Number of protein chains: 2
Amino acid sequence: MFRNLCREINKIRQFEDTVLTVVVRHSWKNVRNEIQGKILDSTYAPGDKLPKDEDIARDIGCARTTVQRAMRDLSDSGIVERRRKGGTIVRADPVTRAILDIPITRMEVEQKGGVYGYQLLEMSSGLTPVPVTANFGLGAPQVMLRIQALHLANQRPYIYEDRWVSLQTVPDLADVDLSKKSANEWLVRNKPYSRCDLRFYAARAGDHYSGILGTDVNEALFVMERTTWIHTDPITTVKAVTMPGYQLLTQI
Amino acid sequence: MFRNLCREINKIRQFEDTVLTVVVRHSWKNVRNEIQGKILDSTYAPGDKLPKDEDIARDIGCARTTVQRAMRDLSDSGIVERRRKGGTIVRADPVTRAILDIPITRMEVEQKGGVYGYQLLEMSSGLTPVPVTANFGLGAPQVMLRIQALHLANQRPYIYEDRWVSLQTVPDLADVDLSKKSANEWLVRNKPYSRCDLRFYAARAGDHYSGILGTDVNEALFVMERTTWIHTDPITTVKAVTMPGYQLLTQI
DNA sequence: AAAGATATTAAGTATGCACATAAAATAGTC
DNA sequence: GACTATTTTATGTGCATACTTAATATCTTT
């Protein structure tokens, strides 16, 4: 008869909490939602100046710290802009700000329920060509390791990657067997970066990519380029050419 | 002789501050850099558990709040993962997390030093086709306003946009003259959204887009789709088809 | 051993307070 | 008037403290 009592008590606690939150407590999330609501319903329009934190805090009846926390969240989202002494204004030229999470390709395939495969196509060493040198922002070409490989999903090509790695920055990679495991994976697990540039565009498959991926020559392919550094030392730059139909989505 | 004295004093203050910051004060940014440094130099490897905030605070000699602030920053960047009672661990499956800012097209063109132009191609009203209905996650097609327009940079096509707007959610748009100014601009300034989905992919120009943009039929074009809601009400969905060579970059 | 209740723990939040900082406004000087 | 110095001010930060929350670990009960 008294089973699940604890669970019931917890439910009651949660209920009390909700009531308390509504009536008494002021969480920064509530404050943020309240302010955001006033922006959404045009009480404050783009370009408008919001009252200063202190006043908002007094109106609501919470600490200024709490308003500050809410405001920082809105500021991080690109909804408002804050400047010392200048106050807080609703962004006049709103941007669509999105957070993109690009996972390791293997994880991406497996998360979709596919079987992941990896195939090393070619490994060589040589001077970086102009686009690669430019990606790194280097003054002159350097000798780097070039790795061309194919990621497979359910035995079919998924992403072709063309990578250059600086063995000067990452000497350990020379000892890794890259015929089984992707350099992507090793690097991302063993060499955290401090800076990362991303670049997205579309490219016609052409003779080269169509041959590798087995697509029509005129197919349009989505390409992601990623370049990473540790401090100012170049780590790697990859051009990832995806299969037709590939889409990059933002997390909701 | 005593000109710029204030400026000099400020320099001295700044110097003192630097010294103080190094010797005494512990800003959360310093704490974050210190921890991040230990992750970058593999003192803590992916999957490792970090000491609890309290201990780190004691070791460094700062308040726990400061460590908390630093940790939240690392957590926001996707470098560590934090769980109540579970502690802080270095992300085992690191993702490349990037922040994308997509500005209003006019701003983008002008920022590049180009002359912006806008051309309304067609306006009509009708039931949303399947892909549009799906983008909004609606159960059934709705009557919405369709706007096809061209953004120009230096008198040449830059982006072709095919937009559907729910006049039910945004009735005011009916009163706006869309022949001069883009719906994009009006909406973004007057109708903030509470949710936004983004989708990027590549598409072959084909007969339709090549005709509008004046490109080769086999050209690969970069496409951005954006759908916005206010709470659960659909606002608009746009397919923005860009000119060949268009690239989307992350802010550094 | 399995299920459920309880305790413990580490992160998360709220607050008051003092002070730092950068930017704007004002005052001062030549 | 143009430049510079000073003051003002709204946001930003650091700290101590107390409390909340969600997750895990441990203990009980059957």
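From a predicted model like this one, the values you see are computed outputs, not experimental measurements. Sequence lines set the chain letters: A, B, ... in the order given, protein chains first and strands last, and positions in each chain run from 1.
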Integer-rounded Å distance: dA11(C) P and Arg64(B) CZ: 7 Å

Plane angle bin for Phe222(A) and Phe222(B) - parallel if under 30°, tilted between 30 and 60°, otherwise perpendicular: parallel

Min side-chain heavy-atom separation Leu74(B)-Arg32(B) under 4.5 Å: yes

Stepwise side-chain hydrogen bond (donor to acceptor under 3.5 Å, both in side chains) check, Arg97(A) with Ser77(A): CA-CA 7 Å; Arg97(A) 178 166 298 178; Ser77(A) 310; over 6 Å; no

Ala63(A), nearest nucleotide to its side chain (from dT15(C), dG14(D), dG12(C)): dT15(C)

Residue pair Lys181(B) / Tyr118(B), side-chain heavy-atom distance below 4.5 Å: no

More than 12 heavy atoms from other groups under 6.0 Å of CD on Glu110(B): yes

Under-4.0 Å side-chain N/O to phosphate OP1/OP2 contact, Thr66(B) with dC15(D): yes

Heavy-atom side-chain contact between Thr169(A) and Ile230(A) under 4.5 Å: yes

Side chain to side chain, Leu100(A) and Thr250(A), heavy atoms closer than 4.5 Å: yes

Atom-pair distance (CE on Met71(B); P on dA11(C)), nearest Å: 7 Å

Members of residues 72-92 of chain B that approach DNA chain C, where some heavy atom sits under 4.0 Å away: Arg82(B), Arg83(B), Arg84(B), Lys85(B), Gly87(B), Thr88(B)

Over 12 non-hydrogen atoms of neighbours within 6.0 angstrom of NZ in Lys38(B): no

Proximity to DNA chain D (any heavy atom under 4.0 Å), residues of residues 43-58 of chain A only: Lys52(A), Asp53(A)

Spacing between Trp28(B) atom CH2 and dG14(D) atom C1', to the nearest angstrom: 13 Å

dA16(D) phosphate, OP1 or OP2, under 4.0 Å from Thr65(B) side-chain N/O: no

Spacing between Gln68(A) atom CD and dG14(D) atom P, to the nearest angstrom: 11 Å

